[in-house]
Amino acid sequence: MRPCAAHGGRKSKEHTPPPTMKGYVHIYTGNGKGKTTAAFGLAVRALCAGRNVYVGQFVKSMKYNETKIETLFDGSVPGFGRIRIEQLGRGCFIGKEPDPVDVSIAEEGLRRCAEQLAGGRYDVVILDELTIAMHFGLLRTCDVLEALLRRHPATETIITGRYAPQELLEAADLITDMREVKHYYAQGVPSREGIDK
């Protein structure tokens with residue numbers, strides 16, 4: 001990877017904030033269950049209020065049940081928003097190390113997400129499992145921070161995943177640390193369709 005260049009806190013001059021709402025940065029992190037679930041709950045709330053939502057799912061390659069929401073919120077019903085979901089990875093890294101292809105896919109995914117963040121087309125942008133991609137060295141923190149600095153001022157941004165780095169936490173407006181207290185996985189219960197996946 002190339003070294004990070006100093007960005008000097010530049011903000012995009014391409015957009016002016018709408019008079020009604022400023023967008024904030026949320027981070028849902030921690031070792032507990034529910035980070036993606038919380039992000040999709042916020043997405044449904046936004047969609048039902050007529051807002052458009054983009055979801056970029058890093059590391060994930062499998063379409064979990066929540067991605068079916070795209071067929072329900074396709075922009076065809078007046079008063080409801082539209083959602084677009086993209087998988088930006090080849091799958092999880094449990095028991096293996098990512099390779100250069102994974103890095104390339106993640107970097108392209110961040111580029112695509114940065115366009116959505118800056119473009120103003122989506123009111124809410126969810127970067128699902130972004131911190132996992134950062135933790136495994138697929139993305140540099142400075143590149144993620146640059147994308148956040150250049151986002152449209154009205155874009156609400158939700159970042160999910162374990163291991164959120166301190167620099168990212170410092171850039172957030174809202175942080176939820178989901179802590180596992182008890183989980184039925186420990187009793188050998190596998191992921192259940194419609195509940196866990």
Side-chain angles (χ1 to χ4, degrees), residues 1-12 17 21-43 46 53-60 86-100 102-118 122-183 185:
M1 281 191 190
R2 66 194 191 290
C4 292
H7 54 72
R10 293 187 315 264
K11 293 199 177 198
S12 174
M21 186 182 265
K22 175 188 182 309
Y24 293 97
V25 176
H26 307 221
I27 296 178
Y28 306 156
T29 193
N31 70 343
K33 179 184 182 320
K35 297 173 285 292
T36 297
T37 303
F40 270 88
L42 189 147
V53 177
Y54 172 84
V55 181
Q57 294 190 302
F58 288 87
V59 182
K60 294 179 178 176
E86 292 185 295
Q87 268 70 43
L88 307 171
R90 295 194 310 164
C92 95
F93 299 118
I94 296 173
K96 69 179 180 106
E97 289 293 317
D99 64 36
D102 296 306
V103 173
S104 178
I105 291 170
E107 288 176 342
E108 174 60 19
L110 181 60
R111 186 194 64 72
R112 292 173 64 80
C113 289
E115 289 174 2
Q116 307 309 334
L117 284 164
Y122 293 97
D123 304 293
V124 176
V125 172
I126 297 172
L127 308 173
D128 187 34
E129 303 293 2
L130 175 71
T131 61
I132 294 295
M134 296 170 74
H135 176 75
F136 280 100
L138 304 180
L139 297 171
R140 300 179 313 161
T141 301
C142 62
D143 292 334
V144 171
L145 293 173
E146 184 71 20
L148 292 175
L149 279 173
R150 294 182 176 277
R151 78 185 190 283
H152 189 286
T155 300
E156 200 79 9
T157 306
I158 292 76
I159 297 168
T160 73
R162 296 172 186 228
Y163 317 118
Q166 187 60 39
E167 301 94 328
L168 187 62
L169 294 173
E170 290 169 5
D173 300 295
L174 180 152
I175 302 167
T176 299
D177 187 0
M178 296 187 176
R179 184 174 62 92
E180 182 179 316
V181 176
K182 186 176 185 179
H183 202 306
Y185 285 172

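Heavy-atom basis, side chains included; hydrogens, waters and symmetry copies ignored.
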If you define the side chain from C-beta out and look only at heavy atoms, does anything of Y28 sit under 4.5 Å from L174? yes
Supply the atom-to-atom distance F136 CZ to F58 CZ, rounded to the nearest 0.5 angstrom. 15.0 Å
Note, L110 side chain near R140 side chain (heavy atom, < 4.5 Å): no
NE2-CG distance between H152 and D123, expressed to the nearest 0.5 angstrom: 9.0 Å
Considering only NZ, NE, NH1 and NH2 on the basic side and carboxylate oxygens on the acidic side, decide whether R111 and E108 come within less than 4.0 Å. yes
Please report the closest heavy-atom contact between E129 and V59, naming both atoms and the distance. O-CG2, 4.3 Å
Counting N and O atoms only, with roles assigned by atom type, does the side chain of D173 sit under 3.5 Å from a partner on the main chain of Y24, one being a donor and the other an acceptor? no
Given 3.5 Å as the limit, does a donor-acceptor pair link the side chain of T155 with the main chain of G23, or not? no
4.5 Å side-chain heavy-atom contact, E167 and L145: yes
Beyond-backbone contact of T176 with H26, side-chain heavy atoms, under 4.5 angstrom: no
Out of T36, D128, T160, which residue meets the side chain to side chain donor-acceptor pair (under 3.5 Å) rule with Q57? D128
Minimum heavy-atom separation for A43 to I126, with atom names? CB-CD1, 3.9 Å
Look only at the side chain of R151 and the backbone of A118, and say whether a donor-acceptor pair between them is shorter than 3.5 Å. no
Counting only N and O atoms by type, is there a donor-acceptor contact under 3.5 Å from the side chain of K22 to the main-chain atoms of P153? no
Nearest atoms (heavy-atom pairs only) where C113 meets G56: SG-CA, 4.2 Å
Shortest non-hydrogen contact from R90 toward D99: NH2-OD2, 2.9 Å
Taking the side chain as everything from C-beta on, heavy atoms only, tell me whether V144 gets closer than 4.5 Å to L130. yes
Nearest atoms (heavy-atom pairs only) where V103 meets G137: CG2-O, 4.3 Å
Side-chain contact, heavy-atom cut-off 4.5 Å: L127 with I158? no
Separation between OH of Y163 and OG1 of T29, rounded to the nearest 0.5 Å: 9.5 Å
Do the ring planes of Y54 and Y122 sit parallel (below 30°), tilted (30 to 60°) or perpendicular (above 60°)? tilted
Under the side chain to side chain contact (heavy atoms under 4.5 Å, CB included) rule, what do E180 and K33 come out as? Steps first, then yes or no, please. CA-CA 7 Å; E180 182 179 316; K33 179 184 182 320; over 6 Å; no
Quick one, E107 and L138 - any side-chain contact, counting heavy atoms below 4.5 Å? no
What are the two closest non-hydrogen atoms of I27 and A172, and how far apart are they? CD1-CB, 3.6 Å
Can you check whether V55 reaches E86 side chain to side chain, under 4.5 Å on heavy atoms? no
Does the T131 side chain pair with the main chain of R162, one donor and one acceptor, at a distance under 3.5 Å? yes
